[in-house]
Amino acid sequence: MLAGTAARADDVKLEDVVSAAMTQSTAVQRADAKTKQAEGQLQQAEGAFDWTVSGKTGWQRLYLPKIRNGVFTDQTEITSAIPIDAGISKKFENGITIQPGFTFYANTPASDAQTFGLTTPRPHFNVTVPLWKDSGGDSPLAAKAHAAAKALQGSRFENDYARGLAVHDAVQVYWRCLALREQTQIAQTAEEDSLDYDALLKRQTEQGQLEPAELDRATADQAVKHVEVTKSRIAEQSCGRQLRQVMGSPVGATTPPSVAGAFPDMDALAGDVTHLNEAAMTDLALRNRLDLQALAQYAGAATDQVKGAHSAEGPQVDLSLDTDGVFVNLSKSIEGNVENGTLAAAQAQETIARLNLKDAEEQVRRDVADQVQAMKAALADWKSLSHSADLMEGVVASARKRAAAGFLPRSAQSDAETDLAQTRQAVVDAELRFCAALTALRLSTGTIAAQPGAPAGTLAQLFRTLPAPGPAPVGAAPEHPSGD
């Protein structure tokens with residue numbers, strides 16, 4: 001509609017916005033931190049199955065049989081010794097624990113016979129096998145590790161989605177700034193026309209050819225147009241500051257950036273938009289959305305926690321095998337508050353996780369439907385308004401010629417110019433609504449491939465084209481649970 005202003009060296013293009021949002025956005029940095037947190041939590045959960053070295057020593061008083069003339073008596077004597085117990089242990093995911101090691105007493109004058117072998121290093125190998133509670137691959141510790149692994153995968157999906165969301169948010173601000181730039185230019189042109197008209201009326205009033213009331217009306221109208229220009233400039237500057245923020249620019253950067261570029265070629269997209277299939281877009285979204293895959297992983301993690309809670313039910317019955325004997329250990333909480341409370345909390349968390357996934361899927365369906373309809377409505381409005389603007393340009397050109405020849409009042413020319421400016425503003429608004437819906441549809445269908453290192457130019461081009469139904473991206477989960 002209007003010729004764009006010449007781009008300055010510091011103007012921000014769409015490619016600049018995309019590149020900065022992918023790398024400098026605080027939302028992306030926050031998502032990276034959450035992924036590192038999940039990695040640490042997984043490492044912590046798996047640490048329960050690490051080999052562990054243990055040792056124990058100190059001082060101990062020993063009561064030994066007294067020896068007289070090489071013969072044991074029925075009396076005892078007391079001596080001091082340093083007990084030493086060292087070994088390593090490991091717990092496996094099935095609940096079995098092994099603990100090899102050795103034990104002996106040192107620093108005592110007693111003989112091996114007198115201490116019944118306590119002063120001789122004695123190896124031991126203890127095996128503890130849970131027979132009921134905490135047994136199998138779903139033991140609480142194993143379930144915790146499995147849940148942490150799924151939570152980490154979910155965090156990675158969420159991280160990638162957050163990167164795409166950051167790009168989406170920045171692009172939306174870019175489109176708004178671009179619209180404000182064009183609307184400011186339209187308002188400035190309208191103000192300049194108003195100033196020319198006001199100057200003409202002043203000359204006619206001074207020559208007595210016009211009533212002062214007509215001049216007063218024109219002056220008031222010019223003041224309104226000036227206010228519109230001022231408001232538009234303020235909005236454009238505010239948008240620039242927001243754009244700087246979503247791009248992750250340093251706090252010290254005080255000058256709001258200005259934008260360069262143009263809206264997509266809507267004529268070229270018109271055919272594809274007309275045939276845009278809502279069902280295909282919804283299917284694409286459900287297959288591609290990384291946040292849905294993250295929620296599916298979180299639901300799986302919650303299910304693992306339920307399995308671990310079930311494994312912790314019942315009495316604790318362990319079989320301990322050692323080089324010196326076999327033992328059975330039995331313990332059971334009378335009230336069972338810990339076990340029952342853990343299970344109830346885990347089941348509630350699983351329900352919440354699956355409901356979150358179900359709600360997110362329904363929200364995706366609504367979003368896709370809204371955005372497809374919004375694009376089609378904006379395109380229809382743009383076509384109608386663009387045609388109206390073309391007609392109004394002809395009306396204004398005719399009005400200017402007729403007013404210059406004295407066949408039409410100058411006020412009619414001014415009214416036509418005002419109508420043209422308003423129509424042009426409406427055209428820009430339709431373009432903004434179209435681009436906002438297109439950008440949101442890209443996010444909803446999971447087709448913003450904002451992977452680290454992705455070319456900014458290629459990614460920026462996505463927001464000038466429609467998403468095409470196709471196979472799920474590499475790494476995307478083909479299915480995810482939805483409730484049962």
Side-chain angles (χ1 to χ4, degrees), residues 1-5 14 171-197 218 220-240 242-243 258-274 276 370-400 411-441 463-464 466:
M1 296 298 300
L2 292 178
T5 57
L14 182 57
V171 171
Q172 291 284 27
V173 176
Y174 170 83
W175 291 135
R176 191 162 63 253
C177 291
L178 189 60
L180 286 169
R181 184 200 69 180
E182 295 196 4
Q183 289 176 338
T184 300
Q185 294 173 5
I186 294 171
Q188 288 174 336
T189 300
E191 183 186 25
E192 292 169 0
D193 291 340
S194 177
L195 288 172
D196 292 340
Y197 177 59
D221 181 66
Q222 192 278 326
V224 171
K225 287 183 169 57
H226 180 72
V227 169
E228 292 298 323
V229 171
T230 302
K231 288 169 58 179
S232 186
R233 285 173 176 169
I234 292 174
E236 185 179 1
Q237 292 173 358
S238 176
C239 187
Q242 185 180 5
L243 182 62
S258 56
V259 295
F263 287 115
D265 185 350
M266 294 179 63
D267 273 327
L269 295 173
D272 292 335
V273 172
T274 302
L276 195 60
D370 291 345
Q371 289 145 14
V372 169
Q373 292 177 11
M375 285 183 63
K376 291 182 177 181
L379 178 63
D381 292 345
W382 176 80
K383 288 181 177 179
S384 175
L385 290 167
S386 296
H387 179 64
S388 297
D390 291 340
L391 294 177
M392 284 304 304
E393 286 176 357
V395 170
V396 169
S398 175
R400 286 173 178 171
S411 58
Q413 173 190 335
S414 177
D415 291 342
E417 291 171 344
T418 299
D419 291 341
L420 174 59
Q422 292 175 347
T423 305
R424 285 174 170 172
Q425 296 274 15
V427 170
V428 174
D429 182 69
E431 289 176 317
L432 175 60
R433 288 190 289 116
F434 179 88
C435 290
L438 170 59
T439 303
L441 184 62
F463 300 102
R464 301 184 183 278
L466 296 180

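The model shown is predicted, which means the values in this text are computed figures rather than measured ones.
By the ring-ring contact (aromatic ring centres under 6.0 Å, His included) test, Phe463 is found to be paired with no residue, residues two or more places apart in sequence or in another chain being considered. Qualifying salt bridge (Lys or Arg N to Asp or Glu O under 4.0 Å) partners for Arg464, counting only residues two or more places apart in sequence or in other chains: none. Checked against salt bridge (Lys or Arg N to Asp or Glu O under 4.0 Å), Arg176 has no partners two or more places apart in sequence or in another chain.
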Checklist entry - Is there a side-chain contact (heavy atoms from CB on, under 4.5 Å) between Arg400 and Glu417 once you walk through the steps? => result CA-CA 9 Å; Arg400 286 173 178 171; Glu417 291 171 344; 2.9 Å; yes

Checklist entry - Going through the checks in order, is the side-chain contact (heavy atoms from CB on, under 4.5 Å) test met by Lys231 and Ile234? => result CA-CA 5 Å; Lys231 288 169 58 179; Ile234 292 174; 5.8 Å; no

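Nearest approach of Ala416 to Ala399, heavy atoms of both residues: CB-CB, 4.4 Å. When all heavy atoms are compared, the tightest approach of Cys239 to Val173 is SG-O, 3.5 Å. Here the closest heavy-atom approach between residue Thr184 and residue Ser232 is recorded as OG1-OG, 2.5 Å. Leu243 and Cys177 get closest at one heavy-atom pair: CB-SG, 4.2 Å. The two atoms that bring Pro264 and Leu269 nearest to each other are CB-CD1, 4.1 Å, heavy atoms only. A pairwise comparison of heavy atoms in Ala179 and Val428 identifies O-CG1, 3.6 Å as the closest pair.
The distance from the NZ atom of Lys376 to the CG atom of Asp381 is 14.5 Å, given to the nearest 0.5 Å. How far CG of Leu385 is from CG of Asp429: 8.5 Å, rounded to the nearest 0.5 Å. In this structure, CE in Met266 is found 8.5 Å from CE in Met375, a value given to the nearest 0.5 Å. Here Glu431 contributes atom CD and Ser386 contributes atom OG; the two are 6.5 Å apart, rounded to the nearest 0.5 Å. Here CG of Leu391 is found 12.5 Å from CG of Asp419. Values are rounded to the nearest 0.5 Å. Atom CG of residue Leu420 and atom CG of residue Asp415 lie 12.5 Å apart, to the nearest 0.5 angstrom.
When atom types are taken as modelled, the side chain of Gln172 and the backbone of Ala436 share a donor-acceptor pair closer than 3.5 angstrom. Panel note: side chain Ser384, backbone Ala380; no donor-acceptor pair is recorded below 3.5 Å. No side-chain donor-acceptor contact under 3.5 Å links Ser398 to the backbone of Gly394.
Looking at heavy atoms from C-beta onward, Met392 lies out of side-chain contact with Arg424 at the 4.5 angstrom threshold. Using a 4.5 Å cut-off on side-chain heavy atoms (C-beta onward), Gln188 and Arg233 make contact.
Considering Trp382, Trp175, Phe434 as possible partners of Phe263, the one that fulfils the side-chain contact (heavy atoms from CB on, under 4.5 Å) test is Trp175.
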